[in-house]
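Both ligands and their constituent atoms are indexed starting at 1 by order of listing. Atoms considered below: every heavy atom in the structure, side chains included; atoms not considered: hydrogens, waters and symmetry mates.
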Amino acid sequence: MNLTDHSPYPKASVIDEAPRPQMRMIAHHVWQLYNRFPANLFNVYLIEDVLVDAATRWDASSLLKQLTNIPLSQVALTHCHPDHQGAVKQICMTRGVPLACPEGDVASMEGHAPMVPGTVAIKIMQLGFAGPAYAVQRCLHDGDEIAGFRVIHTPGHTPGHVIHFRESDRVALVGDVLRNNHPITGKTGLYEPPDVFTLDREENRRSIRKLAQLRPALLCFGHGPVLYDMEQLDRFVARLPS
Ligand SMILES: [Zn+2]
C-alpha cells in the first residue's frame, strides 16, 4: 500500500503553492526545514508531502509551526535514533498522519526493543533527545517508493536504516550512513557516523559504498550541510578501509 496515495490533499498544485517561509528548497519538491540549533545539526526534510525524519523531542513545536498549512501525508524515518524520531509522536498525532519506519527499526520505534547499539552514548542521547515510542503504520522495505523516491536498505548504523533516492535527478537523502560535519567540532566534511552510535561499522561501510554506486548528484544528510560536490564522496569512499 502506498500511503502517499491516501493524502487528503490534491497533489502537485497544492504542494507547489503552499508558502514555506522558513524552509529551504534543495531540489524539486525537496525542502530542508529550519533548525533552531546550529544550522544542519539535526536535519529534517520534506519531500512532496512526506516529512523525512523528525529531529528531537525539543523540535516538535518548531517543526509543527513550519508545517502549518503545508500538505502532509506521513512521516518517514531513515532510522530510529533519538535525534531522528524525537518529534514523531507529536507531529503524527497533531497532523493525524501515519508513521513509516524501516522494518528493522520498528521494534525500537514502538518501544518493544531498545535503540541500538545499546551503548552509554545512545542511552544518554535518548534521555536528552528521544521522543516517546509510537506505533508504526507502514513498514519500509528495500524497493518501496515514497514521494517519488526509492527506499534503499542501508544497514549498519542501525539494522533497518534506509536512504531515499530519486532516480530522475539522483537526489539522495542519506540519513546517518555518512555525515557532512564533524560530530564534535561541527566542521563541515564527510565522516562516518561515530562508532558509539553505530551497530556495525563494517556493514555501514558496505552501505556507504552502495550509496556511492548509485552515482548520486546531491546528498542530503541527517547531520551537516547538503553536498553537491560528488568528487568529495568519491575521494571519501576511495579512502575507506576495506
Ligand atoms: Zn543522527
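- Judged as a salt bridge (Lys or Arg N to Asp or Glu O under 4.0 Å), not a single pair has a partner in residues 69-83 (not counting sequence neighbours).
- Shown are the protein N/O/S atoms under 2.8 Å from the Zn ion (ligand 1), given by residue and atom: Asp83 OD2, His84 NE2, Asp176 OD2, His223 NE2.
- Using a 3.5 Å distance cut-off with no hydrogens or angles, the side chains of Thr158 and Asp105 do pair a donor with an acceptor.
- Of all the heavy atoms in Thr78 and Pro102, the pair that sits closest is O-CG, 3.4 Å.
- Leu67 approaches Met23 most closely through the heavy-atom pair CD2-CE, 4.0 Å.
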Does His29 form a side-chain hydrogen bond (donor to acceptor under 3.5 Å, both in side chains) with Asp16? I'd like the steps, not just the answer. CA-CA 8 Å; His29 287 174; Asp16 286 331; 2.7 Å; yes
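- Salt-bridge formation is not detected for the pair Lys65/Asp59: no Lys NZ or Arg NE/NH1/NH2 atom is positioned less than 4.0 Å from an Asp or Glu carboxylate oxygen.
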